[in-house]
*Asks:* 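Structure below; questions to follow.
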Amino acid sequence: MFTGIITGVGQIIESQALGHEPSHGRRLTIQAPAGFVDDVGLGDSIALNGACMTVTTFDAAAARFTIDVSAESLARTVGLASLGKINLEKALRAH
């Protein structure tokens with residue numbers, strides 16, 4: 001569940017194609033603020049510019065994580081198609 005409250009501003013620092021066709025989507029590497037990914041695990045949900053994405057890798061020491069994003073999500077979400085700043089929001093924990 002998401003609250004709609006932005007908890008950090010990160011930056012897309014790398015964008016790699018997931019295949020030969022644009023329809024395969026992209027893998028985005030996100031540089032997060034210091035400490036942002038300290039409590040993040042594989043498979044956790046983080047909203048990027050309001051769109052829920054799943055963490056596929058993370059490096060807490062470097063404050064970075066990756067997500068694999070579909071072509072449809074890239075087409076429907078502003079700010080994911082190019083490198084630059086993005087709003088970050090962690091999912092609300094059930095407890």
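Both backbone and side-chain heavy atoms feed into the values below; hydrogens, waters and symmetry mates do not. Just so we're clear, the structure is a prediction, and the values are computed from it rather than from any experiment.
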*Asks:* Identify, with sequence neighbours excluded, every residue that meets side-chain contact (heavy atoms from CB on, under 4.5 Å) alongside Leu18.
*Replies:* His24, Arg27, Asp68
*Asks:* Where is the tightest heavy-atom contact between Glu89 and Thr7, given as atom of each residue plus distance?
*Replies:* CA-OG1, 3.6 Å
*Asks:* Please list, chain by chain and in numerical order, all residues satisfying side-chain hydrogen bond (donor to acceptor under 3.5 Å, both in side chains) with Ser70, sequence neighbours excluded.
*Replies:* Ser73
*Asks:* Could you tell me whether the side chain of Ile46 reaches within less than 4.5 Å of the side chain of Val40, counting heavy atoms only?
*Replies:* yes
*Asks:* Return the set of residues passing side-chain contact (heavy atoms from CB on, under 4.5 Å) with Asp59 (not counting sequence neighbours), or none when no residue passes.
*Replies:* Ala61, Ala62
*Asks:* To the nearest 0.5 angstrom, please state how far the CD atom of Glu72 sits from the OG1 atom of Thr77.
*Replies:* 9.0 Å
*Asks:* From Phe65 CZ over to Leu42 CG, what is the distance, rounded to the nearest 0.5 angstrom?
*Replies:* 12.5 Å
*Asks:* Does Thr54 have any side-chain hydrogen bond (donor to acceptor under 3.5 Å, both in side chains) partners at least two apart in sequence or in another chain, and if so, which?
*Replies:* none
*Asks:* CG of Asp38 to CZ of Phe36: how many Å apart, nearest 0.5 Å?
*Replies:* 10.5 Å
*Asks:* Hey, could you give me the CG/CG distance between Leu28 and Leu48, rounded to the nearest 0.5 Å?
*Replies:* 7.5 Å
*Asks:* Within the 4.5 Å heavy-atom criterion, are Lys90 and Asp39 side-chain neighbours or not?
*Replies:* yes
*Asks:* Can you tell me how far OG of Ser15 sits from CD1 of Ile30, rounded to the nearest 0.5 angstrom?
*Replies:* 9.0 Å
*Asks:* With sequence neighbours excluded, what pairs up with Thr56 under the side-chain hydrogen bond (donor to acceptor under 3.5 Å, both in side chains) test?
*Replies:* Thr66
*Asks:* Side-chain donor-acceptor contacts of residues 80-88 below 3.5 Å, not counting sequence neighbours, with atom names and distances?
*Replies:*
none

*Asks:* So among Gln11, Glu14, Arg64, which one has a side-chain hydrogen bond (donor to acceptor under 3.5 Å, both in side chains) with Gln31?
*Replies:* Arg64
*Asks:* Just verifying a value: how many Å separate Ile12 CD1 and Arg26 CZ, rounded to the nearest 0.5 Å?
*Replies:* 10.5 Å
*Asks:* For residues Ala63 and Pro33, report the shortest heavy-atom separation together with the two atoms involved.
*Replies:* CB-O, 3.9 Å
